[in-house]
Structures are given as structure tokens and as C-alpha cells.
There are 4 protein chains.
Amino acid sequence: MTNKEPKLTKKQIAILEAATDLFAEKGYAGTSTSEIANKAEVAEGTIFKHFKSKKGLLLAIVSPMMVKLVAPMIKNDLNKVLDQEYEYIQDFIRAMIENRKEYIQNNLPMLKILVQEIPFHPELKEQFIEYIGKDIFDRLKEIIKYYQDKGQLVDMKAEVIMRTVATSILSYIVARYVFLPEANWDEEEVETERIIQILESGVIQKK
Amino acid sequence: MTNKEPKLTKKQIAILEAATDLFAEKGYAGTSTSEIANKAEVAEGTIFKHFKSKKGLLLAIVSPMMVKLVAPMIKNDLNKVLDQEYEYIQDFIRAMIENRKEYIQNNLPMLKILVQEIPFHPELKEQFIEYIGKDIFDRLKEIIKYYQDKGQLVDMKAEVIMRTVATSILSYIVARYVFLPEANWDEEEVETERIIQILESGVIQKK
Amino acid sequence: MTNKEPKLTKKQIAILEAATDLFAEKGYAGTSTSEIANKAEVAEGTIFKHFKSKKGLLLAIVSPMMVKLVAPMIKNDLNKVLDQEYEYIQDFIRAMIENRKEYIQNNLPMLKILVQEIPFHPELKEQFIEYIGKDIFDRLKEIIKYYQDKGQLVDMKAEVIMRTVATSILSYIVARYVFLPEANWDEEEVETERIIQILESGVIQKK
Amino acid sequence: MTNKEPKLTKKQIAILEAATDLFAEKGYAGTSTSEIANKAEVAEGTIFKHFKSKKGLLLAIVSPMMVKLVAPMIKNDLNKVLDQEYEYIQDFIRAMIENRKEYIQNNLPMLKILVQEIPFHPELKEQFIEYIGKDIFDRLKEIIKYYQDKGQLVDMKAEVIMRTVATSILSYIVARYVFLPEANWDEEEVETERIIQILESGVIQKK
DNA sequence: GATGAATGAGCTTTCATTCAT
DNA sequence: TATGAATGAAAGCTCATTCAT
């Protein structure tokens with residue numbers, strides 16, 4: 001069994017970490033390669049030796065994340081649904097959140113970069129669409145259809161449901177880590193259940 | 001009746017429009033003042049005569065938007081609620097959306113800039129907090145409490161409800177205009193009702 | 001009897017005063033015309049209406065000073081010496097200092113500008129040489145010769161004597177006003193006599 | 001034996017020399033960094049890599065000079081006086097002039113810059129005061145007192161004597177190199193003795 | 001005469017990238 | 001592989017000067 005990830009030297013890791021922090025903090029365009037070299041304690045030239053260009057560095061940060069977040073969907077999630085491992089959509093959503101929670105929490109700066117830079121970099125958008133669009137989108141549609149057929153999801157367009165679920169999750173992360181990192185927050189443990197509860201019944205009591 | 005807005009010359013408007021488009025398209029840090037001058041068909045010096053610095057230009061674009069979106073909340077919305085103009089929270093939300101819809105649709109690039117640049121500019125964040133934080137936050141809490149007492153809102157923390165409602169609206173706008181402007185979209189007219197419906201009952205059918 | 005000085009409007013005076021202060025404080029090249037306009041409370045255009053260019057403004061400040069300091073030498077000083085009004089060179093020097101003292105003290109910034117800017121502006125140097133060189137230099141030589149013949153001045157080259165006397169005076173002014181304006185200084189009244197005394201006997205007691 | 005001076009690369013030296021010439025000729029504010037880069041035959045960026053800013057370049061030129069001129073005073077001059085190496089003040093002055101003559105003649109542009117720019121740069125003034133003020137001033141006072149007690153100096157305030165001696169020397173240099181570099185000058189060798197002679201007996205024969 | 005908006009050349013400085021060591 | 005000196009294009013910004021009002 002071979003290791004698919006290319007071996008990264010200490011310097012490469014230092015560069016990636018420094019760049020991740022700085023891109024997240026000041027944005028890609030607002031960060032200079034000399035700052036990165038400084039923070040990573042390497043020479044400026046070293047960055048270009050390893051990543052060819054500044055944009056190459058950005059892609060080296062962001063691409064693996066897309067893979068990590070999206071790949072298990074193809075490999076596992078759909079199959080588990082079809083195997084009836086998740087009888088209720090709640091279980092499916094809960095599993096999706098829980099499976100990614102740790103990785104996301106450990107890699108929030110990367111996610112921040114991804115979200116912030118996608119609008120400005122066609123390459124990123126293409127990658128994103130390639131990863132999400134090609135397979136995932138269709139698979140998620142299947143899953144949604146599956147639960148709609150079981151009567152567990154309202155009869156709305158798959159896109160709307162997907163967006164609602166996605167932003168329910170993302171809005172928490174964005175609010176939590178991007179906009180108001182210093183605000184006072186509840187215990188994070190109950191957050192998953194709250195998201196599910198809101199997806200179940202909204203926030204408005206029916207008239 | 002005097003005009004409270006400072007009179008803007010043709011060149012100033014041209015600069016603001018060019019900058020708005022470019023900042024929205026390429027980001028603040030990714031746009032150069034010479035590009036702006038070029039697009040606005042003015043000399044580069046003119047930009048600095050009027051707006052002092054590149055950041056001054058950003059603030060001149062974004063600040064008025066915050067005022068426009070937030071001011072009516074203080075002046076009108078709360079009072080109308082207290083005057084029982086909106087018996088149901090649905091009516092209140094619908095009114096808030098409808099009142100801002102046109103302005104937002106006409107000023108989407110500004111909103112895009114605001115959302116994208118807030119994380120990178122402490123001044124912007126401060127302004128945002130100043131406008132939102134001081135008054136609005138408390139007023140919205142009152143409104144939420146009002147409808148909770150009437151049994152129309154679930155008994156969650158006001159912050160959670162606020163965030164859910166806000167992102168339900170924003171997520172539509174962001175998805176619609178920022179991330180996937182070229183995607184195929186439904187008639188926008190039904191969107192308001194869909195948002196309200198989701199806030200009412202979520203997307204999951206109760207078990 | 002006509003007034004030879006061109007009538008200056010209020011604005012012109014304001015500009016000259018502002019420019020004098022700023023040139024003295026920050027140097028000619030270090031001062032911008034907009035700063036001058038600001039301080040003088042006139043529009044930038046007004047400066048150029050009256051003085052044609054920034055350099056024209058400099059000349060308008062400095063030229064009259066040269067005339068004021070140098071003209072009386074030609075008109076009065078030499079004649080008075082020839083008329084034997086000053087029997088002793090001490091009296092001549094004392095008179096020269098006293099005659100110019102007030103004007104210099106009232107116009108120190110101008111003098112500072114003159115001294116500081118002469119090396120950088122050929123026009124200034126030319127003017128200076130024209131005023132000093134053509135007539136004054138020869139006349140001062142005559143005066144020096146006159147007192148040397150009377151045995152009141154050492155038998156050194158006129159240039160050396162001139163320089164010694166000039167710098168004895170100037171060094172006091174420069175030290176006093178340019179380099180150490182905030183230092184603690186004696187009563188200025190005795191300064192003239194001290195300069196004369198040093199010119200008489202140096203500071204070293206003969207072996 | 002180690003070299004205490006930081007090693008300067010060829011380019012750094014080229015930049016310093018070009019800047020020294022240009023600052024001396026046209027003043028600090030009147031010289032552009034692109035002119036300097038041009039004359040030094042380096043890229044403009046190189047200047048800023050090495051000296052951080054234009055002002056940094058000025059300080060890199062001027063600071064070492066202050067040290068070079070002033071340091072030997074603390075280390076040598078006072079001790080030599082106390083060791084009675086100079087019986088007469090004339091010997092002391094002569095030694096001071098001779099010790100610095102070569103360095104000054106080789107670095108006249110630097111001196112010109114120092115004298116011209118001190119009034120406009122607080123940092124320079126502070127450095128100057130720090131170097132001169134702290135130790136030198138007191139030591140010179142001691143020396144003056146020493147020779148006054150021996151009856152070799154007139155009984156004037158130390159400041160006046162210091163200023164007289166200093167300007168006697170400086171006035172020669174300034175007149176010689178700054179104001180009238182193209183004038184015809186005597187052999188420089190006798191100049192030292194002339195300065196001493198003037199300090200001994202002034203230029204005026206006692207009545 | 002007086003204004004100040006407008007200019008565009010030129011300023012200091014930063015930047016991503018290269019390359020000899 | 002790693003360096004960091006060097007680059008020069010381009011950045012943000014300032015400037016003296018002009019001109020329509």
C-alpha cells in the first residue's frame with residue numbers, strides 16, 4: 001500500500017502553514033510572498049522552488065481540502081445510504097457533519113481561504129465545479145430523491161434543499177469563525193442537533 | 001427640503017462606479033487604482049483628490065450601504081411591529097425582505113464587496129458593528145421576544161434565530177449572485193415565500 | 001515720492017508669509033504648493049496666478065532680502081567711511097551690525113531660506129553674486145584696505161578678513177536660530193560687543 | 001583582528017556613493033531614488049532592499065560620519081590633554097584640525113549633507129545631539145576650563161569659545177567647499193595656522 | 001482676481017520572480 | 001536543495017501646474 005500523498009519536507013510544511021495562516025488572515029492578494037517566507041523562516045526563493053508561483057501555493061493549500069471534503073461522499077456516503085445504513089435523513093446529515101467536523105475544525109483557515117478566494121480565481125472555481133459538479137451533485141440529488149420518496153424531505157427542488165442544508169451548516173461555521181470569532185458561543189456540542197432541529201421544523205411556529 | 005447627501009460630481013460617480021465593479025469582480029486588494037482610473041476615464045490623481053486613499057474609496061462605497069440597509073430598521077421596522085402592523089412574524093419578515101429587495105438587487109456588487117472585504121478590514125468590521133451592534137441588535141432581540149411571547153417563534157436564543165433568518169436570506173443572495181451568477185435560476189418572485197416556508201417548517205418532514 | 005515696492009494684496013502677503021514659514025521649516029523641495037495654499041488659506045491656483053511658479057515664489061521671498069541687506073552698503077556705508085564718520089573699524093562693524101540687526105531678527109526665516117537654498121539654486125547663487133560680487137565685494141575691499149592702511153586691521157588678504165568678520169556674525173545667528181533655537185541664550189544685547197571683542201583679540205591669550 | 005564595520009557589498013557601496021554625490025549636489029528632498037539607482041547602476045528595488053527607505057539611506061550616509069568625527073574626541077583628545085601632551089591650546093587645536101583634516105577633505109560631500117539636512121530631519125538632529133551632547137560637550141568644557149585655568153584662554157563662557165573655534169574652522173570649510181567651490185583658493189597648508197592666528201589675535205589691531 | 005477640480009508625470013515603495021552561488 | 005541578492009514592473013500616492021468657471 002503506497003502513500004498517495006507526496007512526502008512533504010519540513011520546509012514545505014512550514015511554507016504551507018505560514019501561507020495558510022496569512023492567506024486566511026489577510027487574503028491571498030493582501031499577502032506577499034516575502035511575508036510568507038518570513039513567517040515560515042525560509043528564503044523567498046525556496047517558496048518558488050517548491051510551488052512554482054504564488055498561485056501554485058494557493059492551489060497547494062486549497063486543492064487537498066476539496067478532495068478531503070468531497071471524496072468520502074463518493075466512496076462512502078451514497079453507498080451507506082443505499083445500504084440503508086441511515087434510515088432517517090437526520091442520521092445521514094448527522095453523520096455527514098460528524099464525519100467532517102474534526103477535519104473542518106482543524107482546518108478552518110483553509111476553509112476560510114477556499115470560501116474567500118473562490119470568487120477571484122477561475123482555476124479554483126473550475127476545480128470546485130470539477131470536484132463537486134461532476135459526481136457529487138448528481139449523487140446528492142439521488143440521495144435527496146431517495147429521502148423524498150421515503151417522505152422524509154419536502155417536495156422542493158433538490159438545489160434548494162441542498163442549499164438550505166449546506167448554508168445551515170456553513171452559516172454556523174462562517175458566523176462562528178469568520179465574522180465573530182471573538183463572540184461568546186454556546187457549547188459547540190449541541191450545535192449539530194440544533195441544525196438538525198431547525199432543518200426539521202424551521203424557527204417559526206405554524207399559525 | 002435639503003438634500004442631505006453630499007453632492008457628487010460626475011467624475012466622483014464615475015470613480016465610484018468603476019471601483020465598485022472592479023472591487024466586486026477582482027477584490028479590493030486585487031484591483032489597482034490605475035485600473036479604476038482607466039475604467040472611470042479619469043486621471044489617477046483625481047481618485048486621490050476625492051477619496052484620499054484607496055481605502056477611503058472602499059469606505060465611500062461600502063459605508064452608505066450599511067446606513068441604507070440598517071437605518072430603516074431603527075426608524076420604521078420596530079415601530080411597525082409595536083403598532084401591531086405585522087400580526088404574524090411572517091408578515092414582518094416578508095416586509096423586511098420586500099423593503100430591501102430592490103435596493104439590494106440594484107446594489108449587489110456593493111453587497112458583494114461588503115461581504116468579501118469585511119474580514120480583511122478592521123475599519124469595516126468596526127463600522128459594521130457600530131451600525132448593527134449598537135441599536136439594531138437590541139431592537140431585533142425585542143422583536144424576537146415579542147413574537148416568541150406570542151408563541152410564533154420557537155424558544156431558542158435570539159442569536160440563533162437571528163442567524164437562521166439572516167442566513168436563509170443571505171444564503172440565497174450569496175449563492176445566487178456571488179458564487180453561481182451564471183447558473184439557471186427559478187423565478188425570483190417565489191423566492192421570498194420559499195424562504196418563509198423553510199423558516200416555518202424546515203425541509204425535513206417530521207418523523 | 002513713489003513707493004518702489006509693488007503693492008501687495010492681502011492674499012499675496014498671506015502666500016509669502018506662509019511660504020516663508022514653510023520653506024524655512026521644511027526646505028524648499030520639502031514643501032508642497034498645496035501646503036502653502038492651505039496655510040495661506042488661498043486656492044492653489046492663486047499662488048500660480050501671482051508668482052507663476054514655485055520657484056518664482058522662492059525668488060519673491062529671497063530677492064528682496066538680498067537687496068535690503070546689501071543696498072545700504074553701496075549707498076551709505078562706504079560713503080560714511082570715506083567721510084570719516086567711523087574713525088575706528090570697530091565703529092564701522094558695530095554700525096553694520098546694528099543697522100541690520102532689527103531687520104535680520106524680524107526676517108530670520110528668510111535668511112534661513114537664503115542660506116539653505118543657495119547651494120541648490122543656480123538662479124539664487126547668480127543673484128547673490130550679482131548683488132554681492134559686482135559692487136559690494138570691491139567696496140568692502142576698499143574699506144578693508146582703508147583700515148589696513150590706518151593700521152587697524154591685520155595684514156591679511158581681504159577675503160580672509162571678510163570671511164572672518166562675516167562668519168563671526170553669521171555663526172552667532174546660525175547657532176542661535178538655526179541649529180539650537182531652543183537652547184538657553186544670554187542677553188542678546190551684549191552679543192555685538194562680544195563679536196567685536198573676539199575680532200579684536202581672538203579667544204586665545206598670546207603665549 | 002576583526003572588522004567591526006558591517007561588510008558592504010559592491011552594490012551597497014555604489015548606492016551610497018551615488019546617493020552621497022546626489023544628496024550633496026541637489027539636496028535630499030531634491031534627489032529622487034530613481035536618479036540614485038541610475039547613477040549607481042542598480043535597480044531601484046535594490047536600494048530599498050538594503051536601506052529600507054530613502055531616509056534610511058540618508059542615515060546610512062550621515063551616521064557613520066558623526067561617529068568618525070566625534071569618537072576620537074572621547075577616546076583620545078581629552079586624555080592627551082590631561083597627559084599634558086599639548087602644553088598649549090594652540091597645539092591642541094592644531095592636532096584636532098590635523099587629525100580630522102584628511103577624513104573631512106575626503107568626505108566633504110557627506111559633511112555638506114550633514115550640515116544641510118540637519119535642520120530638516122529631527123532624527124538627524126537627535127543623533128547629532130546624542131553624539132555631541134552627551135559626552136563631548138562636557139569634555140570640551142573641561143578642556144576649555146583646563147586652558148582657562150592655565151591662562152591660555154579668555155574668560156568667556158565655554159559655549160562662546162567653543163562656537164568661535166568651531167565656526168572658525170567650519171566657516172573655512174563651508175566657504176571653501178559649499179558656497180564657492182569654484183573660487184580660487186590659497187594653498188590649504190597655511191590655513192590651519194591662519195585659523196590659529198586669528199583665534200590668537202583676532203583680525204583687528206587693538207586701538 | 002480667485003477658485004479648486006483635474007491632470008499626468010514622477011515620486012517612494014512593494015512585489016513576484018529569477019538566478020548565481 | 002536552499003539561499004537571498006537583485007531585478008524591474010507595477011503599486012499607491014504626491015506634485016506642480018493648468019484652466020473653465
Side-chain angles (χ1 to χ4, degrees), chain A residues 9-12 14-15 28-38 40-57, chain B residues 9-12 14-15 28-38 40-57, chain C residues 9-12 14-15 28-38 40-57, chain D residues 9-12 14-15 28-38 40-57:
Chain A
T9 67
K10 270 186 188 172
K11 303 237 167 194
Q12 283 172 315
I15 292 167
Y28 171 80
T31 303
S32 74
T33 50
S34 85
E35 281 176 290
I36 296 167
N38 225 21
E41 290 181 309
V42 299
E44 275 201 76
T46 310
I47 294 175
F48 291 87
K49 268 269 144 65
H50 288 302
F51 302 98
K52 255 199 98 135
S53 70
K54 196 187 172 188
K55 183 143 279 171
L57 183 52
Chain B
T9 67
K10 269 185 189 175
K11 303 241 168 194
Q12 281 172 317
I15 292 167
Y28 171 81
T31 304
S32 76
T33 51
S34 84
E35 282 176 289
I36 297 167
N38 228 19
E41 290 182 308
V42 298
E44 221 174 326
T46 309
I47 294 175
F48 292 89
K49 264 271 148 75
H50 288 304
F51 301 98
K52 269 203 82 117
S53 69
K54 196 186 171 189
K55 181 141 285 166
L57 182 52
Chain C
T9 67
K10 267 187 190 174
K11 303 237 168 196
Q12 283 171 316
I15 291 167
Y28 171 81
T31 303
S32 75
T33 50
S34 85
E35 280 175 291
I36 297 167
N38 225 20
E41 292 180 309
V42 298
E44 274 201 76
T46 310
I47 293 175
F48 291 87
K49 268 270 144 66
H50 287 302
F51 300 98
K52 254 198 98 127
S53 70
K54 195 185 171 190
K55 183 143 279 171
L57 183 52
Chain D
T9 68
K10 270 186 188 174
K11 303 242 168 191
Q12 282 172 317
I15 292 167
Y28 171 82
T31 303
S32 78
T33 50
S34 84
E35 282 176 290
I36 296 168
N38 228 18
E41 290 181 308
V42 297
E44 226 175 322
T46 309
I47 294 175
F48 291 88
K49 265 270 149 77
H50 287 304
F51 301 99
K52 270 202 81 116
S53 69
K54 195 186 173 191
K55 182 143 281 169
L57 183 52

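In what follows, chains are A, B, ... by sequence order, proteins preceding strands, each numbered from 1.
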Can you tell me the distance, in whole Å, between the [atom1] atom of [X] and the [atom2] atom of [N]?
{"X": "D/H50", "N": "E/dT14", "atom1": "NE2", "atom2": "P", "value": "15 Å"}
{"X": "C/K10", "N": "E/dT3", "atom1": "NZ", "atom2": "P", "value": "14 Å"}
{"X": "A/N38", "N": "E/dC15", "atom1": "CG", "atom2": "P", "value": "12 Å"}

TODO: Would you classify C/T9 as touching base, sugar-phosphate or nothing, given that sugar-phosphate means primed atoms plus P, OP1 and OP2, and contacts are heavy atoms under 4.0 Å?
DONE: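 Nothing, no heavy atom under 4.0 Å.
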
- [ ] Starting at CD of C/Q12, measure out to CD1 of C/I15 and round the result to the nearest 0.5 Å.
- [x] 7.0 Å

Task: Distance, nearest 0.5 Å, that separates CG of B/L57 from OH of B/Y28 - done: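 The OH atom of B/Y28 is 8.0 Å from CG of B/L57, to the nearest 0.5 Å.
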
TODO: Just jot down the side-chain contact (heavy atoms from CB on, under 4.5 Å) partners of D/S53, sequence neighbours excluded, or say none.
DONE: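 side-chain contact (heavy atoms from CB on, under 4.5 Å) list for D/S53, sorted by chain: D/K55.
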
Task: Nearest-nucleotide 5' precedence on DNA chain F, A/Q12 against C/K49 - done: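 Per heavy-atom nearest nucleotide, the more 5' residue is A/Q12.
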
TODO: Please tell me which of B/K55 and C/K54 maps to the more 5' nucleotide of DNA chain F, matching each residue to the nucleotide holding its nearest heavy atom.
DONE: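 In this pair, the answer is B/K55.
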
- [ ] Return the minimal non-hydrogen interatomic distance between D/G30 and C/A29, and the atom names on each side.
- [x]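 Heavy atoms only, the tightest pair is N-CB, 4.0 Å.
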
TODO: Identify, between D/S32 and A/T31, the residue whose nearest nucleotide on DNA chain E lies closer to the 5' end.
DONE: D/S32

- [ ] Pull out every residue in residues 40-48 of chain B that has a heavy atom closer than 4.0 Å to any atom of DNA chain E, ordered by number, or say none.
- [x] B/V42, B/A43, B/G45, B/T46

TODO: Could you provide the dot-bracket string of DNA chain F, using ( ) for intrastrand pairs, [ ] for crossing pairs and | for bases paired to another strand, with Watson-Crick or G-U pairs below 3.5 Å?
DONE: .||||||||||||||||||||

Donor-acceptor contacts, no H, no angles, side chain residues 40-48 of chain A, under 3.5 Å, sequence neighbours left out:
| residue | atom | partner | partner atom | Å |
| --- | --- | --- | --- | --- |
| A/E44 | OE1 | A/T33 | OG1 | 3.3 |
| A/T46 | OG1 | A/A43 | O | 3.3 |

- [ ] Could you list where the contact with chain D starts and ends along DNA chain F, reading 5' to 3', using a 4.0 Å heavy-atom cut-off?
- [x]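 Range of nucleotides within reach of chain D: F/dA6 to F/dG8.
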
